[in-house]
A.B. asks: 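So that we are looking at the same thing, I have put the structure below in structure tokens.
Just the heavy atoms: all of them, side chains too, but no hydrogens, waters or symmetry mates, feed the values below. For clarity, every value in this text was computed on a predicted model and none was experimentally measured.
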Amino acid sequence: MGNMQRKKILILGGGFAGLTVAMELEKQLAQDPSVEITLINRENFFLFTPMLHEVATSDLDLTTIVNPARKMLRHIHFLAGRIDQIDIEKRRVVVSHGFDHHHHTLDFDFLVLGLGSITNLYGIPGLREYALTMKTLGDAMRLRNHLIAHMEEADSDCCKEKESLLTFVVAGGGFAGVETVAGINDFVRGALRSYPNLTEDMLRIVLVHSGPVILPELDEKLGSYAQRKLAGRKVEVRLNTKVEGFSGRAVRLSDGSTIDTNTLVWTAGTSPNPLLETIPCAKERGRLLVTESLELQAYPGVWALGDCSAIPDRRRGGFHPPTAQHALRQGKIVADNVIAAVRGTKQKRFDFSTIAQLAAIGRRTGVASILGINFSGFVAWWLWRTIYLSKLPRFEKKVRVVFDWTLDLIFSKDFVQFLDIRAPMVSRLEEADPAPKTAAVRIA
């Protein structure tokens, strides 16, 4: 047994898709001595992105929506590193990690690609330099600190730019944009009572959306309901409008108008991971085209899932949407197919229809479509919290989230800035104290 050549399985990416594959293999295959399973991810944790806006707007503590990968995977090797190169032909992956970013070349027999997507700025001037995004835990903390810093500055007696400091623009009317702008609106308006020089009429919250109705993934009636609710809470919704540039001081819109602001949160576009461009296979808008078993067409033993894959939908035509609920189901199918490939059995086909789509729109209201039935208001918000809480991994994190939500019902939001600033230090040579003079003592 000691001389047996172990089959190497590499899983690239620790998001919903990749982590689900790893957890399923942990249950069914990880203790098989004939296989070696490795998960590679840049961060050493899994981020539960549906609750990211709640961290940015102080509904949840930042650690409650992240789970350490090593606590979730006891029998699978985990490597925190950056994936630099994928060579499908030679069946190897180059990874860099450590303080010096040294490289390792890892061979594989089976490969799972769950690399997700990145933010797409579409070449719009100024976005890379000045815009905020909402994709990572760091993005959420950066936005939170940005909001608080602007209120602190605007409250000072010497401030002459209150209008631009207190104008917050969010681009993108999908789930991420709507939940972000709703959270920002609740957060800054709730914090005003602690800033004596600020009043509610000084605030301007703007949502910019390129389509005729926000939340286009949902029924138009739900999108219209969300628009009315946001407008009633003094959120300005600009429809059929695109961002054409951002100078860091003003947002330029496609209708010719400009908005004076220091804040633009970009949630209006994603793109497949650039590493996919190096893989020589058929693609659909940059995503890897796979079979119904989620395997690359020209490369047996290589699977792609989640945001980086284009999966044909044989029922409705087109492709399955890149959502978390699809990624979770794809992860289970890929894990079963990896086991089938290892053991030489038949692989399964992926077939799934969207069950539910939900969005929180602030002040304990939401919109939801579950099995074709529409919900709105408090019921939808309650369903949002209940369903996503059930999907959050690990009982410990569920308890922490419930605890934070309970405190949020009793106390106001916390607006402490988390600044990455080192404490003041000096390097000063101290003069030695002169030797003390002592009186002579005569002992008789």
Side-chain angles (χ1 to χ4, degrees), residues 14-15 41-67 80 82 116-122 124-155 161 164-172 174-191 195 203-208 243 245-251 259 261-271 273 360 362 404 413-423:
N41 193 50
R42 183 181 61 184
E43 296 89 6
N44 76 335
F45 57 81
F46 165 72
L47 172 64
F48 194 72
T49 52
M51 294 181 180
L52 190 60
H53 68 281
E54 296 210 331
V55 169
T57 55
S58 200
D59 289 322
L60 294 174
D61 183 74
L62 75 162
T63 61
T64 55
I65 65 167
V66 292
N67 274 285
R82 186 182 68 191
S117 60
I118 64 172
T119 300
N120 188 352
L121 303 177
Y122 298 108
I124 298 174
L127 293 195
R128 180 177 295 276
E129 294 82 4
Y130 305 113
L132 299 168
T133 56
M134 274 292 284
K135 190 75 173 173
T136 67
L137 188 62
D139 289 341
M141 293 312 302
R142 196 172 297 113
L143 175 57
R144 173 194 166 109
N145 286 337
H146 181 92
L147 296 173
I148 297 169
H150 278 59
M151 288 190 290
E152 294 288 349
E153 177 65 19
D155 189 62
E161 300 180 347
S164 60
L165 287 171
L166 297 177
T167 298
F168 306 102
V169 179
V170 177
F175 288 111
V178 169
E179 291 180 332
T180 298
V181 79
I184 289 174
N185 191 54
D186 287 355
F187 179 65
V188 295
R189 294 189 189 279
Y195 294 90
L203 293 174
R204 186 183 181 192
I205 318 293
V206 184
L207 176 63
V208 178
V243 171
F246 182 43
S247 66
R249 309 288 289 180
V251 175
I259 300 175
T261 180
N262 297 350
T263 307
L264 172 63
V265 185
W266 180 260
T267 68
T270 60
S271 180
N273 193 301
D404 277 3
K413 296 179 186 294
D414 195 343
F415 46 93
V416 172
Q417 267 184 289
F418 295 105
L419 299 178
D420 185 17
I421 299 176
R422 298 181 70 183

A.B. asks: Excluding sequence neighbours, so at least two apart, what forms side chain to side chain contact (heavy atoms under 4.5 Å, CB included) with Asp404?
C.D. replies: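 By the side chain to side chain contact (heavy atoms under 4.5 Å, CB included) rule, Asp404 matches Leu60, Asp61, Thr64.
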A.B. asks: Which heavy-atom pair separates Ala268 from Gly172 by the least distance, and what is that distance?
C.D. replies: CB-CA, 3.9 Å
A.B. asks: Taking only residues two or more places apart in sequence or in another chain, which ones pass side chain to side chain contact (heavy atoms under 4.5 Å, CB included) with Asn41?
C.D. replies: Glu43, Phe78
A.B. asks: Identify the heavy atoms of Val208 and Val169 that sit nearest to each other, and give their distance.
C.D. replies: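 That would be CG2-CG1, 3.9 Å.
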A.B. asks: Ignoring hydrogens, what is the shortest heavy-atom contact between Thr270 and Ser117? Give both atom names and the distance.
C.D. replies: CB-OG, 4.0 Å
A.B. asks: Shortest non-hydrogen contact from Met151 to Ala191?
C.D. replies: CE-CB, 3.9 Å
A.B. asks: What distance separates Met134 CE from Glu179 CD, expressed to the nearest 0.5 Å?
C.D. replies: 9.0 Å
A.B. asks: Which value, rounded to the nearest 0.5 Å, describes the distance between Thr167 atom OG1 and Ile205 atom CD1?
C.D. replies: 8.0 Å
A.B. asks: Should Leu264 and Leu127 count as side-chain neighbours, where that means a heavy-atom distance under 4.5 Å?
C.D. replies: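 Yes, side chains in contact.
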A.B. asks: With Phe187, which residues qualify under ring pair (Phe, Tyr, Trp, His ring centres under 6.0 Å), at least two apart?
C.D. replies: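 Applying ring pair (Phe, Tyr, Trp, His ring centres under 6.0 Å) to Phe187 gives none.
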A.B. asks: List for me each residue that meets side-chain hydrogen bond (donor to acceptor under 3.5 Å, both in side chains) alongside Arg42, sequence neighbours excluded, and say none if there are none.
C.D. replies: none
A.B. asks: Is there side-chain contact between Leu143 and Ile184, with at least one heavy-atom pair below 4.5 Å?
C.D. replies: yes
A.B. asks: Suppose we screen for side-chain hydrogen bond (donor to acceptor under 3.5 Å, both in side chains). Which residues come up paired with Glu161, at least two apart in sequence or across chains?
C.D. replies: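 Partners of Glu161 by the side-chain hydrogen bond (donor to acceptor under 3.5 Å, both in side chains) criterion, ordered by chain and then number, come out as Arg249.
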A.B. asks: To the nearest 0.5 angstrom, please state how far the OG1 atom of Thr180 sits from the CG atom of Leu207.
C.D. replies: 9.5 Å
A.B. asks: Does Val416 reach the side chain of Arg144, with side-chain heavy atoms less than 4.5 Å apart?
C.D. replies: yes
A.B. asks: Is it true that a side-chain atom of Trp266 and a backbone atom of Asn120 form a donor plus acceptor pair closer than 3.5 Å?
C.D. replies: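 Side chain of Trp266 to backbone of Asn120: a pair is present.
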A.B. asks: Name all residues meeting the side chain to side chain contact (heavy atoms under 4.5 Å, CB included) criterion together with Ala176; count only those two or more places apart in sequence or in a different chain, and write none if there are none.
C.D. replies: Thr267
A.B. asks: Sequence neighbours left out, what pairs pass salt bridge (Lys or Arg N to Asp or Glu O under 4.0 Å) with at least one residue falling in residues 124-138?
C.D. replies: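 Every candidate salt bridge (Lys or Arg N to Asp or Glu O under 4.0 Å) pair involving residues 124-138 fails, so no pair, neighbours aside, qualifies.
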A.B. asks: Mind checking what makes side chain to side chain contact (heavy atoms under 4.5 Å, CB included) contact with His150, not counting sequence neighbours?
C.D. replies: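 With neighbours one apart ignored, the set is His146, Leu165, Phe168, Asn262, Thr263.
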A.B. asks: Considering all heavy atoms of both residues, which atom of Asp186 and which atom of Gly362 are nearest to each other, and what is their separation?
C.D. replies: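 Nearest pair, atom of Asp186 first, then Gly362: OD2-CA, 3.2 Å.
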A.B. asks: List the residues meeting ring pair (Phe, Tyr, Trp, His ring centres under 6.0 Å) with Phe46, not counting sequence neighbours, and say none if there are none.
C.D. replies: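 Phe46 satisfies ring pair (Phe, Tyr, Trp, His ring centres under 6.0 Å) with Phe16 once adjacent residues are dropped.
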A.B. asks: Return the set of residues passing salt bridge (Lys or Arg N to Asp or Glu O under 4.0 Å) with Asp139 (not counting sequence neighbours), or none when no residue passes.
C.D. replies: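 In terms of salt bridge (Lys or Arg N to Asp or Glu O under 4.0 Å), with neighbours along the sequence ignored, Asp139 is linked to Arg142.
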A.B. asks: Suppose we screen for ring pair (Phe, Tyr, Trp, His ring centres under 6.0 Å). Which residues come up paired with Phe415, at least two apart in sequence or across chains?
C.D. replies: Tyr195
A.B. asks: Quick check for you: to the nearest 0.5 Å, what is the distance between Ser58 atom OG and Ile148 atom CD1?
C.D. replies: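 Reported to 0.5 Å precision, the distance equals 7.0 Å.
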A.B. asks: Can you name the nearest heavy-atom pair linking Val66 to Leu47, along with the distance?
C.D. replies: CG1-CD1, 3.7 Å
A.B. asks: Is the backbone N or O of Ala250 less than 3.5 Å from a side-chain atom of Ser247, with the two atoms forming a donor-acceptor pair by type?
C.D. replies: yes
A.B. asks: So, taking the atom named CG in Asn145 and the one named CZ in Phe418, what distance separates them when rounded to the nearest 0.5 Å?
C.D. replies: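 One finds 7.5 Å between CG of Asn145 and CZ of Phe418.
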A.B. asks: Using side-chain hydrogen bond (donor to acceptor under 3.5 Å, both in side chains) as the criterion, list what pairs up with Asp59, not counting sequence neighbours.
C.D. replies: Lys413
A.B. asks: Roughly how far apart are Leu52 CG and Thr57 OG1, rounded to 0.5 Å?
C.D. replies: 9.5 Å
